[in-house]
Structures are given as structure tokens and as C-alpha cells.
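Throughout, protein chains are lettered first and strands after them, A, B, ... in sequence-line order, and every chain is numbered starting at 1.
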Amino acid sequence: MRASQFFMSTLKEAPGEAELVSHQLMLRAGLIRRLGSGLYTWMPLGLRVLRRVEAVVREEMSRAGALELLMPAVQPAELWQETGRWDQFGEQMLKIRDRHERDFCFGPTHEEVICDVARREIRSYRQLPVNFYQIQMKFRDEIRPRFGVMRAREFLMKDAYSFHEDYASLQATYERMYAAYTAIFRRLGLVFRAVAADTGAIGGSGSHEFHVLADSGEDAIAYCPDSPYISNVELAEALAPAGERPAPSQALARRDTPGKTTCADVAAFLQLPVTQTIKALLGKDGEGAAVLLLLRGDHDLNDVKIGKVVPGWQLASDAEITELLGPVRGYMGPVGIDRSRIRVVADRSAAHLADFVCGANAAPVHLTGVNFGRDLPEPDLVADIRNVLAGDPSPDGQGLLALARGIEVGHIFQLRTKYSNAMQVSFLDRNGKATTPEMGCYGIGVSRVVAAAIEQNHDARGIRFPRALAPFDVSLIPMGLGRSELVREATEALYATLQAAGIDVLLDDRDERPGVLLADQELIGVPFRFVIGERGLKEGVLEFQARDQEEAVKVPVAEALATLQAALQAAQTV
RNA sequence: CGGGGCGUAGCGCAGCCCGGUAGCGCGCCUGCUUUGGGAGCAGGAUGUCGGAGGUUCGAAUCCUCUCGCCCCGACCA
């Protein structure tokens, strides 16, 4: 490709809308342009990158036995009503109506559609297992789209759905997909981890998330540096503190704490560690019964965990607090409350405390030296309801946890029969009996992968694309194409040679100054470049430089192709 | 949804407080010079100042409403 025939649109300055480096660079390099909130056009250069991600995904999916199909982006409401998700999915689903006033949505995912395909097409166990996949635009009306293509509303996703005659077959395919995902992200040159995950809204049992590690990641991951343990923070178990709860050693006392409504403030005011305080969260369960949660002052409630222990958990409003306990916002505590009306659920760490500090249910007063069993009854339930912190013991008992941040680029689930059952998919098994197939589903955020890769591979000059997703393999940068016949001939010859060798080359023949050409090539992240100048040509050499190297090397003109091929080979991540 | 911020040329911004008819840098166009790291000089084009209404002799500037975009937001009971 000649740059003069291509469309490059780079910016010196990043538009103010971009916060993340990857977002800024994608805009500056002209990979994407924004149309509206969470909506992006993939410009020719960006589309090349996206297509290369797709190519790797397709290759590995098909190697793992999956079959590509393409389902409609627009889906009839009836399908979603069958699984009950028409209402459940909520605001995230973009609902649309056609000219006949019939309801549709722009598909946020495709379980319903694939089940519809399956129930029409699959009749016999002989057709199983099958794994269908597609690469296609999804739309989710995110509460807050941000970070460009990272959390966009419209995004490109590879989603696969497998059907099985039994659980063993599902597990086998799940393993295969796990391996395929590992191969895909490795080939894309990403530093990633597979993480045990919560199954979230989609439902089902076994599940792994694939995270690209990056400080800007939206997800927190807990792992143990001394063992293989790794998990999404939502799932990581916070072990109970070792040993028995210490015996009470202090008398109960009331302390005025005006204006000190947070645990941190109270602790600082009383000159005690926050770990000696307990915060109380009032709410209600699915039945509307009042529940008071107790957490150590430095701990945070884990929504997923509490949902399992107190189904339907919801935080109380100010009005509800006042109704149950009086106007004690900021000074709430578990002491002296009507336990017949309010159930107390304590986190393991909170339940282990002795001589702790908590609100007195009277403003502005806190209690100190509080002890379970003496000053208040034991909690009705002790459970793990908090997020783990760095330094907590690893759940596998082999050291301490550390926290990292990750960008979720892939997620695999064992759905079991949740959807196949709701959608009445069935086939005849070997005994001629109608059976509901086991299902798995496997997603990759294709457009997000591009952003994640840039997040992980950039420097002050711009993007440093891993070879597998770079828009071009190499760029040719002639010094004075229009002035020097020598340079022109050498450049055209090299361009022809490389193209003949099947290399994806970008010849930057634009009538720009050398500085512009060099800076643009670095910005857009092409992994290798040749600089062709009279100076070198007179010695019979070209300059060859990898995007991630500081220095160029001189290469005899005749060896240019071989040098590049060797470098491309070495950069091939398989 | 709640809170905060911003909408002025393609991009980055100033002007707004204190009303007087819009400016800077980059980019773009033309010419000359230049040519190994985002050139120099000269000339030029480009704005319904997000939109609507109001106040005023006069509004980018003040007021009201609206639309869009960006950032933050479990709880701290």
C-alpha cells in the first residue's frame, strides 16, 4: 500500500475527550473517530487492525472445531420474552420498534437466537456436540460509556455457543475453548491471565475471564504471587481470621464524635486503628425484612457475596434508616437494636473483633470497647461478605494475596441447561429419549482487544503494535523521494520485492518532510521500518529498525528482504 | 440517575468575571525557499461562538430553558 493512495489522518494533539492512553493514541493515529457517545467509526487504518484480530480469532476457533455463522443483530422481543430477559436485561438493552409496532432489540448477546437455531436444527445426539460462533456488532446501552472503544456501546464481539449431549462433553469443549483462548491471546502478543470468575448476569456454573493486565483495567484481580491462585476479586474468598476471638479487655464506653461519621474519621479521632472499628450497613432482603451488615472499618462490601448470603439485598434509603433506627445516619451500630426486627449478618473479620468501635445509634456518639456476647448478642449469621484486600491470606493457604487490575477481553461460561431449557431446545439421545442439551458460551471483545493491546504496548512516540495485529508488517520511509532518483529507484525496487514476498508493506510516499513521515510511522505502530536515504545507498545500505528498538541497524540492500523476514519470524508469537 | 466540568475554525485552546460584533497555536490552500526527526518566509480560506428564547441600542459574554460531550459516584449506616 502506498500512503499517498491510503487515508492517514493523524493528530498531533489528542482530542480532549480521551482520558486513557489507548483512547488518545487510537484517535491520534486515526484508527477510530467518534460519532456519538460510545459509538465509533473504524477508519481504514483501524479496520486493518481489527481485521487482524478477527483473523487470529477465526483461525483458532476453527482449529478448535467451532463453526462460523452470522446471526441477525436485530432480534424479535418474543425470543427474549421466552427466557424472561426482555424485562430482566433492563436499560442496557436497546429496544426498537418496527413500522408494525412490533418490539425488537439490537442484540446485546445471542443466547436466545442461537437456541432458536438449535431447537429448529438439532434433532439427534448424532449432531452433537456443535460449537457455533460469529463475529458481529453488539449493542449494550452502557450506563457510562467511556475510554473510547474500551467500553463502547456498540462493539465488535466474537461469541460462540456450544451444545452437548451431556455435561462431560460440555466440559471437554470448555477445556478446548480455554486452550483456544490461551492460544489467541498469546498469538496477539498480550500479557494476560485466565481468572476464575463469577458467572454474573448470564448465569450458569463454571466460568473463566481472560484479562489483559493493565493498570488502567476496570476489573480487580486477586492473585497469589507464591501459588497458582488467581481469581476475580468478586469471587476471591476472604478467609476467617486465624484463632479464637480475643477475650474482652475493655469496658464499654460512649464517646462523643461530632462530625466523625466515617470509620476512618472516627478511628483517627479516637486514635485507634481503623481495623478496630465496625461499620454497619442497613438494608433489606428480597422479602423486605431488615438486615444489618457488619464489616470491619477498612473492609468493603462485596455485592456478589452478599447477594448469595442475603438474596435480594438492597441498601436502605435515608428514610428507611430513620424509620427503623431514628435519624442516626453516620452513627449506626449493632448495639441495642431490636433483633426481632433486624437480622444481623457479620463478615468473618468483623465477627472476630473484640473491644471494637461502632456507632451508638445516637448522633453524634460512638461506642468503644464493644464486645459480642457481652454488649450485644452474637450475629445471627457470620459469612464472607467482603472484598479481599492485598495482604489477606490466599484462599489456598499458600501465602498472601496481591491485587492487580485487568481488562476483561474474554469470558467463557458453562451455561448448562439454563437457556436450552427455557427455550425448549431438545434432541433425542442414544436411547431415543428427548433430552435438553448442555450449553457453553464463549465471548471475546474483539474491538476491546485492540484498545487493550495498545494499553499494554505503547511509548512516548505512539503505539507499538504486536506483530499479529499491526496494520502493516513494515513501512518504507524514503528520504527525499521526489528529489533523488537513487532513492526513488531503491525504494520502488524494495517495495516490489517485499510485496512479491507477500509482506504487507506501507510505502510512505507522501510529499512530507522526513520528520513527519518518521513520526507518523511511529505513532501508528508499524513494527518494522526501512529508512531509504541517499547517504546509506551510496554505501549500499538501508536502515532497518524495529519499533521497540532504540537504534537502527544498517542492512545491505540485497539483504533487506532476508533481514525483514527473519525479524518478522522472530516477532511471530505462536 | 446524582454530583462536577466543558461546548468558540478540522484539532488544542484564549476571550466570558467587567456586553461594543471573535482571536492564538497546530492543521488546511497558494507561492518561493528548505529537505535525515513534526521546516522558514509571504499570502490566503474556514466560525449560524452547541441550540432556542429573553434582557439590552448592542450578547460568545448577562438570564432562562434545552441538547450534546467528558469526568466522578457501592458503603463509610
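Pair assignment for B:C69: B:G5, on the basis of Watson-Crick or G-U wobble contacts that are both within less than 3.5 Å. Across all strands shown, B:C11 forms a Watson-Crick or G-U wobble pair, both distances under 3.5 Å, with B:G25. Nucleotide B:U34 has no partner under the Watson-Crick or G-U criteria, as no pair reaches both atom distances under 3.5 Å. With a 3.5 Å ceiling on both atom-pair distances, the Watson-Crick or G-U wobble partner of B:G53 is B:C63. The partner of B:C18 cannot be assigned: no Watson-Crick or G-U wobble pair with both contacts below 3.5 Å exists in any strand.
Here A:A14 lies in heavy-atom contact (under 4.0 Å) with sugar-phosphate atoms only.
B:G47 and B:U21: their C1' atoms are spaced 13 Å apart (whole Å). For B:G25 and B:A42, the P atoms lie 12 Å apart once the distance is rounded to whole Å. Nucleotides B:G68 and B:A59 place their P atoms 27 Å apart, quoted to the nearest Å. B:C57 and B:G12: their P atoms are spaced 38 Å apart (whole Å). Taking atom C1' on both nucleotides, B:C17 is separated from B:G37 by 44 Å, rounded to a whole Å. Distance noted for atom C1' between B:G38 and B:A74: 46 Å (whole Å). Rounded to whole Å, the C1' atom of B:C24 lies 30 Å from the corresponding atom of B:C63. Spacing of P atoms, B:U66 relative to B:C26, comes out at 41 Å, to the nearest Å.
One atom, CD of A:E13, and another, P of B:C28, lie 14 Å apart when rounded to the nearest Å. Distance, A:L27 CG to B:G10 C1': 14 Å, rounded to whole Å. Atom CD1 in A:I32 sits about 15 Å away from atom C1' in B:C11, given to the nearest Å. Spacing between atom CG of A:D347 and atom P of B:C76 amounts to 17 Å, rounded to whole angstrom units. Atom CG in A:L294 sits about 18 Å away from atom P in B:C75, given to the nearest Å. Rounded to an integer number of Å, the gap from CD1 of A:I385 to P of B:A74 is 17 Å. Rounded to a whole Å, the CD atom of A:Q24 is 16 Å from the P atom of B:C11. Nucleotide B:C75 holds its C1' atom 9 Å from the CG atom of A:D303, rounded to whole Å.
Listed by first and then second residue, the salt bridge (charged side-chain N to carboxylate O under 4.0 Å, His left out) pairs involving residues 23-48 of chain A are A:E17-A:R34, A:R48-A:D504 (not counting sequence neighbours).
Side-chain atoms of A:N387 and A:D300 include no donor-acceptor pair closer than 3.5 Å.
Ion pair A:E19/A:R146 not flagged as a salt bridge, since none of the NZ, NE, NH1 or NH2 atoms sits closer than 4.0 Å to an Asp/Glu carboxylate oxygen. With respect to A:D347 and A:R296, no salt bridge is recorded, no charged nitrogen being found less than 4.0 Å from a carboxylate O. Using a cut-off of 4.0 Å between Lys/Arg side-chain N and Asp/Glu carboxylate O, A:E522 and A:R529 are scored as salt-bridged. In summary, A:D219 and A:R405 do not engage in a salt bridge, as defined by a charged side-chain N under 4.0 Å from a carboxylate O.
Residues forming a salt bridge (charged side-chain N to carboxylate O under 4.0 Å, His left out) with A:D265 (at least two apart in sequence, or on another chain): none. Listed by chain and number, the residues in a salt bridge (charged side-chain N to carboxylate O under 4.0 Å, His left out) with A:D375 amount to none (sequence neighbours excluded).
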Distances under 3.5 Å between protein N/O atoms and the N/O atoms of nucleotides 66-72 of chain B, please, pair by pair.
residue, atom, partner, partner atom, Å
B:C69, OP1, A:S37, N, 3.0
B:C70, OP2, A:S37, OG, 3.3
B:C72, OP2, A:R144, NH1, 2.9
B:C72, OP2, A:R144, NH2, 2.5

* To do: In sequence, state the C-alpha distance, the side-chain angles, and the governing distance for A:S475 and A:D508, and then conclude on side chain to side chain contact (heavy atoms under 4.5 Å, CB included).
  => CA-CA 7 Å; A:S475 51; A:D508 203 339; 5.8 Å; no
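Across the interface with RNA chain B, nearest-nucleotide mapping of A:I143 and A:M332 shows A:I143 to be the residue nearer the 5′ end.
Both tests hold for A:K95 against A:W86: distance to the six-membered ring centre under 6.0 Å, angle to the ring axis within 45°.
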Atom pairs and distances, side-chain donor-acceptor, residues 353-368 of chain A, under 3.5 Å, sequence neighbours left out:
residue, atom, partner, partner atom, Å
A:D355, OD1, A:S249, N, 3.1
A:D355, OD1, A:Q250, N, 3.1
A:D355, OD1, A:N371, ND2, 2.8
A:D355, OD2, A:S249, N, 3.1
A:D355, OD2, A:S249, OG, 2.6
A:N361, OD1, A:G333, N, 2.9
A:N361, ND2, A:G333, O, 2.9
A:N361, ND2, A:V335, O, 3.2
A:H366, ND1, A:T257, OG1, 2.7

* Asked: Which nucleotides of nucleotides 35-42 of chain B have their base under 4.0 Å from a protein heavy atom (B), which only their sugar-phosphate (S), and which neither (-), written as one string 5' to 3'?
  -> BBBBB---
